[in-house]
Amino acid sequence: MSSQNQPAPFTADDYRARMQRAADTAAEAGLAGVLVAPGPDLVYLTGYRPVNTERLTVLVLTPGQDPVLVVPTLEAPDAEKAVGAPALTLRDWTDGKDPYAVTAPLLDGRGRFGISDNAWAMHLLGLQRTLPDTSYVSLTDALPMLRAVKDAHELERLAAAGAAADATYGEILKVRFSGRKETDIAAELAELLRRFGHSQVDFTVVGSGPNGANPHHEAGDRTIERGDMVVLDFGGLKHGYGSDTSRTVHVGEPTAEEQRVHDIVRQAQEAGCDAVRPGVACQEIDRAARAVITEFGYGERFIHRTGHGIGVTTHEPPYMIEGEERPLVPGMCFSVEPGIYLPGRFGVRIEDIVTVTEDGGRRLNTTARELAIVE
């Protein structure tokens, strides 16, 4: 980080290399090219962040051709300011004209293309009407690892986001929980994330007592009481890259059973993190964590995958789940977040972001994983 705690900016050359890699990977996958709509993929590939609207904006990447960004004329000045703009050609279209007729000459009329998952249906159907012999496949299915392996600058941003989430957890332990609503704690988590540099807060899960048995419980009006286990799961974007961490705290002293369940999850999370190293299949991380929970008799109460990738979004490939045989590669970043959920009673989840190194894994969250006692 610089003295102003700002990461080194991405350059046009960074975006040029990303677009080239995407086009090359598409060719290796047997595709005629890649079509990228406004959203995370476009930000990753060009640095351009337009609003996704009924006006067509699409980045066309085809092997052996320079990248072309098709944009509405009224948005062209903003597109020209994008950091990655020098690495591509802009082609604009005006209201009243057919944007698909502008795009069609850039495409192989009989080709199969990967297309962003968040592309509007009207745009995809418009392309199909104009080029009826083309076909399309979800970019997530066709190029799932497009953004998965992070470079040093991306890792720097992810580490900064993780440190900010850790600082948020350190501060939330100081506040009073009992007698307050879940929404009160959630609001403080969001404020703290912003205080520590997040530009975007994606989620602040606060699951107290029986609500903790719902992994994606949205903070509600339930008043937190002494004796409650409380699952905290929060994150968002800092410097354009994600944070996501979970810790489970207890209001007052826990029962022996609550402490035991928490200890099991902590042991499972440790096992999952310890399994991280290059060449290991993603599913082995899930297996390592799940084996611990199953051994102690709670296998049916671990009801979600062990982890998900993170980068310019807080959830993205790769996924740590049974059946995912893709090997881990240095630079991949993902969560390791096993949990146990006892319906009507309580839940426990512990989560860190881990990056694959040359010889193992490194956690980007370093706060204590023991059961914290709050008031």
Side-chain angles (χ1 to χ4, degrees), residues 40 140 144-150 154-155 157-159 161-162 165-166 169 202-203 205 207 212 214-217 231-237 241-248 262 264-295 298-341 347-357 360-367 369:
T140 294
M145 295 296 104
L146 176 64
R147 308 193 316 251
V149 179
K150 277 63 178 179
E154 292 181 284
L155 291 173
R157 287 164 167 77
L158 284 161
D166 284 356
Y169 178 63
D202 287 347
F203 48 88
V205 173
N214 175 0
H216 280 176
H217 169 72
V231 177
L232 305 173
D233 184 350
F234 48 93
L237 300 183
Y241 279 74
S243 69
D244 186 0
T245 189
S246 300
R247 295 290 185 264
T248 303
H262 190 278
I264 293 168
V265 174
R266 183 159 59 93
Q267 185 177 333
Q269 205 261 353
E270 188 77 23
C273 291
D274 287 347
V276 175
R277 61 185 181 278
V280 168
C282 292
Q283 67 181 2
E284 294 301 331
I285 311 307
D286 183 84
R287 288 176 177 178
R290 199 170 300 276
V292 174
I293 291 175
T294 300
E295 177 187 352
Y298 290 96
E300 293 183 357
R301 302 269 61 89
F302 180 11
I303 57 177
H304 55 73
R305 65 195 175 204
T306 291
H308 58 81
I310 190 169
V312 294
T313 57
T314 48
H315 281 211
E316 63 184 44
Y319 299 103
M320 306 302 113
I321 189 170
E322 182 67 30
E324 179 51 86
E325 298 179 350
R326 184 173 284 103
L328 298 181
V329 176
M332 284 182 174
C333 294
F334 49 86
S335 66
V336 177
E337 51 177 305
I340 292 175
Y341 307 94
V348 175
R349 183 165 62 258
I350 301 172
E351 173 185 15
D352 293 322
I353 299 302
V354 178
T355 182
V356 184
T357 65
R362 175 170 65 94
R363 300 184 200 236
L364 299 185
N365 297 105
T366 59
T367 54
R369 296 164 197 90

Are [X] and [Y] side-chain neighbours, meaning at least one heavy-atom pair lies under 4.5 Å?
X      : Y      : answer
Leu155 : Tyr241 : no
Thr355 : Lys150 : no
Arg301 : Ile293 : no
Thr245 : Ile353 : no
Pro338 : Ile350 : no
Ile285 : Val354 : no
Thr306 : Arg290 : yes
Val329 : Met145 : no

Contact summary for [X] and [Y], nearest pair of heavy atoms:
X      : Y      : result
His262 : Arg369 : CE1-O, 3.1 Å
Arg362 : Thr357 : CB-CG2, 3.9 Å
Glu284 : Ala275 : O-CB, 4.4 Å
Val149 : Glu154 : O-OE1, 4.0 Å
Pro327 : Gly279 : CB-O, 3.8 Å
Asp352 : Arg363 : OD2-NH1, 2.6 Å

is_close_aromatic(Phe203, His216), centroid dist under 6.0 Å: no
Between [X] and [Y] (side chain of the first, backbone of the second, donor and acceptor by atom type, cut-off under 3.5 Å), is there such a pair?
X      : Y      : result
Asp233 : Val205 : no
Glu322 : Gln283 : no
Thr248 : Val231 : no
Arg349 : Pro215 : yes
Ser243 : Gly236 : yes
Arg326 : Pro144 : no
Glu316 : Ala148 : no

Ring geometry between Phe234 and Tyr169 (parallel below 30°, tilted from 30 to 60°, perpendicular above 60°): parallel
CA sep, side-chain torsions, deciding dist, call: Ser335, Asp244, side chain to side chain donor-acceptor pair (under 3.5 Å): CA-CA 8 Å; Ser335 66; Asp244 186 0; 5.2 Å; no
side-chain contact (heavy atoms from CB on, under 4.5 Å) evaluation trace for Val276 with Phe334: CA-CA 10 Å; Val276 175; Phe334 49 86; 3.9 Å; yes
Can you tell me how far [atom2] of [Y] sits from [atom1] of [X], rounded to the nearest 0.5 angstrom?
X      : Y      : atom1 : atom2 : result
Ile321 : Asp286 : CD1   : CG    : 6.5 Å
His308 : Thr313 : NE2   : OG1   : 9.5 Å
Gln269 : Asp274 : CD    : CG    : 9.5 Å
Leu364 : Leu158 : CG    : CG    : 6.5 Å

